[in-house]
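What follows is a single structure, written as structure tokens, with notes after it.
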Amino acid sequence: GDSVTQMEGPVTLSEEAFLTINCTYTATGYPSLFWYVQYPGEGLQLLLKATKADDKGSNKGFEATYRKETTSFHLEKGSVQVSDSAVYFCALILIQGAQKLVFGQGTRLTINP
Amino acid sequence: DAGVIQSPRHEVTEMGQEVTLRCKPISGHDYLFWYRQTMMRGLELLIYFNNNVPIDDSGMPEDRFSAKMPNASFSTLKIQPSEPRDSAVYFCASSFRGEQFFGPGTRLTVL
């Protein structure tokens with residue numbers, strides 16, 4: 001079945017460090033890929049997305065590139081801030097299938113000043 | 001648009017009581033999803049609707065849980081009777097063409 005596997009957390013970094021959160025997927029069709037972020041006490045918000053191979057999604061300094069050959073969608077940011085502390089979820093949806101997101105387990109990120 | 005609206009934001013009840021959670025999706029969205037989030041089990045999809053019709057309720061944990069969507073602008077998730085293990089944050093989300101928009105959640109505590 002379709003699935004998403006994320007890097008195990010929690011991840012703790014210092015401010016201005018480089019961030020990578022790994023995400024790989026398995027899909028029977030052609031998925032669109034998403035990163036959602038959940039700040040403490042809030043619902044999930046869409047951070048970025050990519051709908052086809054080699055697309056790069058970007059937002060708020062975060063980037064992720066849809067790599068079909070490695071079935072990956074790793075999240076990166078060049079210089080993290082304390083305000084980036086949150087839980088990050090990788091997810092996919094099949095373009096031709098049911099309109100439900102398949103989520104990874106989430107990665108908790110803490111940025112220390 | 002105000003986004004997805006959920007009520008109440010917090011609910012504290014005693015075991016055995018009925019609990020009803022409410023959701024108003026974004027106008028024009030044709031899919032509505034109910035999720036549950038706990039530390040132990042993470043984010044779980046309970047049920048989702050398309051054009052007010054339930055499509056997949058395989059995530060509903062047991063018969064104590066039920067969900068309805070009487071019209072395009074309102075859905076409820078009911079737990080009867082509630083149990084302490086139902087304590088969680090319940091999220092509603094709506095979508096149109098893939099991207100889901102989440103509500104702020106209802107934090108349920110069953111004593």
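Proteins get letters first, then strands, A, B, ... in listed order; numbering begins at 1 in each.
- Only the side chain of B:D56 comes within contact range of chain A, with heavy atoms under 4.5 Å apart.
- The contact between A:Q38 and chain B is made entirely by side chain atoms (from C-beta outward), counting heavy-atom distances below 4.5 Å.
- Residues passing the ring pair (Phe, Tyr, Trp, His ring centres under 6.0 Å) test with B:F102 are A:Y36, B:Y35, sequence neighbours excluded.
- Distance alone, capped at 3.5 Å, places no donor-acceptor pair between the A:T110 side chain and the A:T12 backbone.
- Residues passing the ring pair (Phe, Tyr, Trp, His ring centres under 6.0 Å) test with A:F62 are A:Y88, sequence neighbours excluded.
- Only the side chain of B:R9 comes within less than 4.5 Å of a heavy atom of chain A; its backbone N, CA, C and O stay farther away.
- Only the backbone of A:E42 comes within less than 4.5 Å of a heavy atom in chain B; its side chain stays farther off.
- Residue A:L46 touches chain B through its side chain alone, counting heavy-atom pairs closer than 4.5 Å.
- With a 4.5 Å cut-off on non-hydrogen atoms, B:Q6 does not touch chain A at all.
- B:V19 and B:F65 fall within a single hydrophobic cluster, where Ile, Leu, Val, Met, Phe, Trp and Tyr are joined by side-chain heavy atoms under 4.5 Å apart, directly or via other members.
- No side-chain donor-acceptor contact under 3.5 Å links A:S14 to the backbone of A:A17.
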